[in-house]
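Below is one structure, written out as structure tokens, with a few remarks after it.
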Amino acid sequence: MTTHTLTATHEPTVKASSWIEQLGATLSSDNPGNAANLFEEQGFWRDLIAFTWNIKTLEGRSAIKNMIDATMGNARPHNWKLEQDATENDDGVIEAWVTFETAVARGRGHVRLREGKAWTFLTTMLELKDYPEKRNKLRPKGAEHGANKNRKTWLEKRQQEEAELGNSVQPYCLIIGGGQGGIGLGARLRQLDVPTIIIDALPKPGDTWRNRYKSLSLHDPIWYDHMPYIPFPENWPVFTPKDKVGDWLEMYTKVMELNYWGSTQCTHAQYDDEKQEWTVQVNRNGEQLTLKPKQLVIATGMSGIPNIPDIPGMDTFKGEQHHSSKHPGGEAYKNKKCVVLGGNNSAHDICCALWENDADVTMIQRSSTHIIKSDTLMELVLGGLYSEEAVENGMTTYNADLTFASVPFQIMPQFHIPAYQQVAEHDAEFYQRLRDAGFLLDFGEDGSGLFMKYLRRGSGYYIDVGASDLVAEGEIKLKAGVSIKHINPHSVTLTDGSELPADLIVYATGYGSMNGWAAKIISQEVADKVGKCWGMGSDTTKDPGPWEGELRNMWKPTHQDALWFHGGNLHQSRHYSQYLSLQIKARMEKIATPVYGMEPVHHLS
């Protein structure tokens, strides 16, 4: 952590210093709950495991006081400091970065003050004091100097570890899913000396990406997508092609010394409450093995099992039909009649690839979609935190992640609505062309745009990298506001009574909740016990209430002991893997982790 000299006469710094001193003193007093009075009546304290051992947002003074009263005796926070000079924006909001310690950890936080009271306060666990990561001044020496007849080389030690772990030595943590989420978390756990195995059904790291349709690339820019510890190099493309992502993940797994088992499927898992461990049956290259991890992480991405609709007549279709996750690309469908059911990211990408291969393609858009042009997203939405300009202005990936995390989900729409109003004005002609083509558009139910849709439901949007112009021009044919009513041997009948000839049907119909994997791997009982993953109870489409304030079950304790869910986009996987790895490490070292504020289960899937 860089040390800065504070400017004693800088008014925002003086005000922020006064607030943080009052907070520290009150939290250490006989009545720590009085610290809630330092917040606005409707203020927010978002804690990422530092005090609650949970990912939890407290909304309003009463909730903040209850959390303080329940947690401060165990946490014993102290050594609160302002990290650098505070800033004040045009609205009079003072922002400041703070550092602090608890009984077992070091932390970092961010506060927004309005008229002397905290509007938002973020606290995060940075590291466990007794178990810091072995990096920078703590990095391993690597070479063993001196004379030793029993010396083992680095390679011999790695080979021994790979031979023993999962056989004579059990992993403390098993991660099911070897995509970027599982790999990034595995790297975090490796740095914390947590014995971990990552398993994936595909042979090599990165195959999840390599096996997708030919034209796929990341729609998010590089600055948003770095992995933990090893950022992409400075010559890396802004939008990474899928096979390049795959190669990076394979390299990353090797360089970070991860224990990765490819061609390995989990066939069943069961938790033993008495022994406090899992019994996990896996098939590794045809060999049946039993693993006994203490912690089990499902890292199959934020999406669950593919949603394939049950449409009358599917079994009579003479052509080819598959879910978008199985789509091989457009090469095989030249001059074919292709129907794509769906109107979001995958549907657009697949329609574009089919068009590029001279297929006759029709998109069936069942409900409205939020569209944002990629360049506009970078310029007007992400640019302040994740861009080359942000880097040149001194913004680090870590500070960008924390700045993003410092905005509670309850008020996040307030930050996003003005940005997307600007987007709508900036690309008004583009949106009008789409409407003229009959495309159903939205900016979210409250106008808050892409990321709120993603958080609420994980679907309903497309970051335009070219397909929207094809829709607007009629090159990709469009049937909007309808669905498929019946499938015939060589055609589909739509709900408006029209019929489309079809040689191929692609179901770009999304995925179920991640707890569907828990049902498949463990049991339906456990899946229902933990409940739905993702969404926050916004009471919008596909995100039913009540309001929960954080994403359900992600990166935090669940109602099933020792079961965790890890996923999200590259940004979320990178950032939240820090907190998940610290929670697992703390349990391995038998540090007390009293969890505060677990939400009841409201939705099973």
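The figures here come from the full heavy-atom set of this structure, side chains too, leaving out hydrogens, waters and symmetry mates. The model shown is predicted, which means the values in this text are computed figures rather than measured ones.
- Salt-bridge formation is detected for the pair E127/R106: a Lys NZ or Arg NE/NH1/NH2 atom is positioned less than 4.0 Å from an Asp or Glu carboxylate oxygen.
- Using a 3.5 Å distance cut-off with no hydrogens or angles, the side chains of D464 and H219 do not pair a donor with an acceptor.
- At distances below 3.5 Å, not a single donor-acceptor pair connects side-chain atoms of Y511 with backbone N or O atoms of M514.
- Applying the ring-ring contact (aromatic ring centres under 6.0 Å, His included) test to pairs two or more places apart or on separate chains, those with a residue in residues 74-100 are F51-F100, W80-F100, W97-H110.
- Side-chain contact annotation: Y596 with N66, donor-acceptor N/O pair under 3.5 Å absent.
- Between M554 and G567, the closest heavy-atom pair is CE-N, 3.5 Å.
- At least one side-chain heavy atom of F439 sits less than 4.5 Å from a side-chain heavy atom of I371.
- A cation-pi arrangement is absent between K244 and W209, since the terminal nitrogen or guanidinium carbon is not both under 6.0 Å from the aromatic centre and inside a 45° cone about the axis.
- Between the side chains of E389 and N393, no donor N or O sits under 3.5 Å from an acceptor N or O.
- Applying the salt bridge (Lys or Arg N to Asp or Glu O under 4.0 Å) criterion to K56, with sequence neighbours excluded, gives E599.
- Closest approach of R457 to T541, counting heavy atoms only: CD-O, 3.7 Å.
- Pairs passing the salt bridge (charged side-chain N to carboxylate O under 4.0 Å, His left out) check and including a residue from residues 63-75, sequence neighbours excluded, read K65-D69.
- Contact between L402 and L122 at its shortest, heavy atoms only, is O-CD2, 3.5 Å.
- One side chain, T120 or R112, offers a donor N or O that lies under 3.5 Å from an acceptor on the other.
- Applying the ring pair (Phe, Tyr, Trp, His ring centres under 6.0 Å) test to F239 and every residue at least two apart in sequence or in another chain returns nothing.
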Might you work through the side chain to side chain contact (heavy atoms under 4.5 Å, CB included) test for K453 and D442, ending with a clear yes or no?
CA-CA 10 Å; K453 259 203 161 187; D442 70 58; 3.0 Å; yes
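- Under the 30°/60° scheme for interplanar angles, the aromatic rings of F39 and W45 are found to lie parallel.
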Pair Y420, V381 - check side chain to side chain contact (heavy atoms under 4.5 Å, CB included), show working.
CA-CA 8 Å; Y420 284 94; V381 182; 3.7 Å; yes
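- Salt-bridge check for D193 with K585: failed, with every basic side-chain N at 4.0 Å or more from each acidic carboxylate O.
- Geometric assessment of R456 against the ring of F451 yields a negative cation-pi assignment under the 6.0 Å and 45° thresholds.
- Residue pairs satisfying the salt bridge (charged side-chain N to carboxylate O under 4.0 Å, His left out) criterion with at least one member in residues 216-226, sequence neighbours excluded, are absent.
- Salt bridge absent: K556 and E550 never bring a charged side-chain N and a carboxylate O closer than 4.0 Å.
- Between H571 and Y386, the ring-plane angle classifies as perpendicular under the 30° and 60° cut-offs.
- With sequence neighbours left out, R139 forms a salt bridge (Lys or Arg N to Asp or Glu O under 4.0 Å) with no residue at all.
- Aromatic rings of H426 and F430 (six-membered ring for Trp) have centroids beyond the 6.0 Å cut-off, not under it.
- Pairs engaging residues 394-420 under the salt bridge (charged side-chain N to carboxylate O under 4.0 Å, His left out) rule: D401-R574 [sequence neighbours left out].
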Pair N515, R552 - check side chain to side chain donor-acceptor pair (under 3.5 Å), show working.
CA-CA 11 Å; N515 72 334; R552 301 180 186 96; over 6 Å; no
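- In this view, E11 and K15 satisfy the salt bridge (Lys or Arg N to Asp or Glu O under 4.0 Å) rule, not counting sequence neighbours.
- Remark: R114 does not engage D91 in a salt bridge, criterion side-chain N to carboxylate O under 4.0 Å.
- Using a 4.5 Å heavy-atom threshold, the side chains of F565 and L551 count as separate.
- Counted by atom type alone, Y454 and Q572 present one or more donor-acceptor pairs between their side chains at under 3.5 Å.
- Closest heavy-atom contact between H416 and S448: CB-O, 3.4 Å.
- Using modelled atom types, one finds a donor on one side chain and an acceptor on the other under 3.5 Å when comparing H10 with T13.
- With contacts defined as side-chain heavy-atom distances shorter than 4.5 Å, the pair V423/F443 qualifies.
- For E59, the side-chain contact (heavy atoms from CB on, under 4.5 Å) partners are F44, T57, Q410, W547, not counting sequence neighbours.
- Looking at S577 and R188, their side chains do bring a donor and an acceptor atom within 3.5 Å of each other.
- For the salt bridge (Lys or Arg N to Asp or Glu O under 4.0 Å) test, no residue two or more places apart in sequence or in another chain qualifies with E88.
- Looking only at side-chain heavy atoms (C-beta outward), L189 and I175 come within less than 4.5 Å of each other.
- The two residues R46 and A405 have their closest heavy-atom pair at NH1-O, 2.9 Å.
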Residue pair S459, N344: steps toward the side chain to side chain donor-acceptor pair (under 3.5 Å) verdict:
CA-CA 7 Å; S459 65; N344 299 330; 4.8 Å; no
Could you walk me through whether W223 and E388 pass side chain to side chain contact (heavy atoms under 4.5 Å, CB included), step by step?
CA-CA 7 Å; W223 306 278; E388 199 67 47; 3.1 Å; yes
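- With sequence neighbours left out, the side chain to side chain donor-acceptor pair (under 3.5 Å) criterion links H602 to no other residue.
- Across all their heavy atoms, C533 and S513 have their closest contact at N-OG, 2.9 Å.
- The pair D427-R433 does not meet the salt-bridge criterion, since no charged nitrogen lies less than 4.0 angstrom from a carboxylate oxygen.
- For the pair I94/T87, no side-chain contact is recorded, criterion being any heavy-atom separation below 4.5 Å from C-beta on.
- Residues passing the ring pair (Phe, Tyr, Trp, His ring centres under 6.0 Å) test with Y229: none are found, sequence neighbours excluded.
- Side chains of N34 and T26: a donor-acceptor N/O pair is absent below 3.5 angstrom, by distance only.
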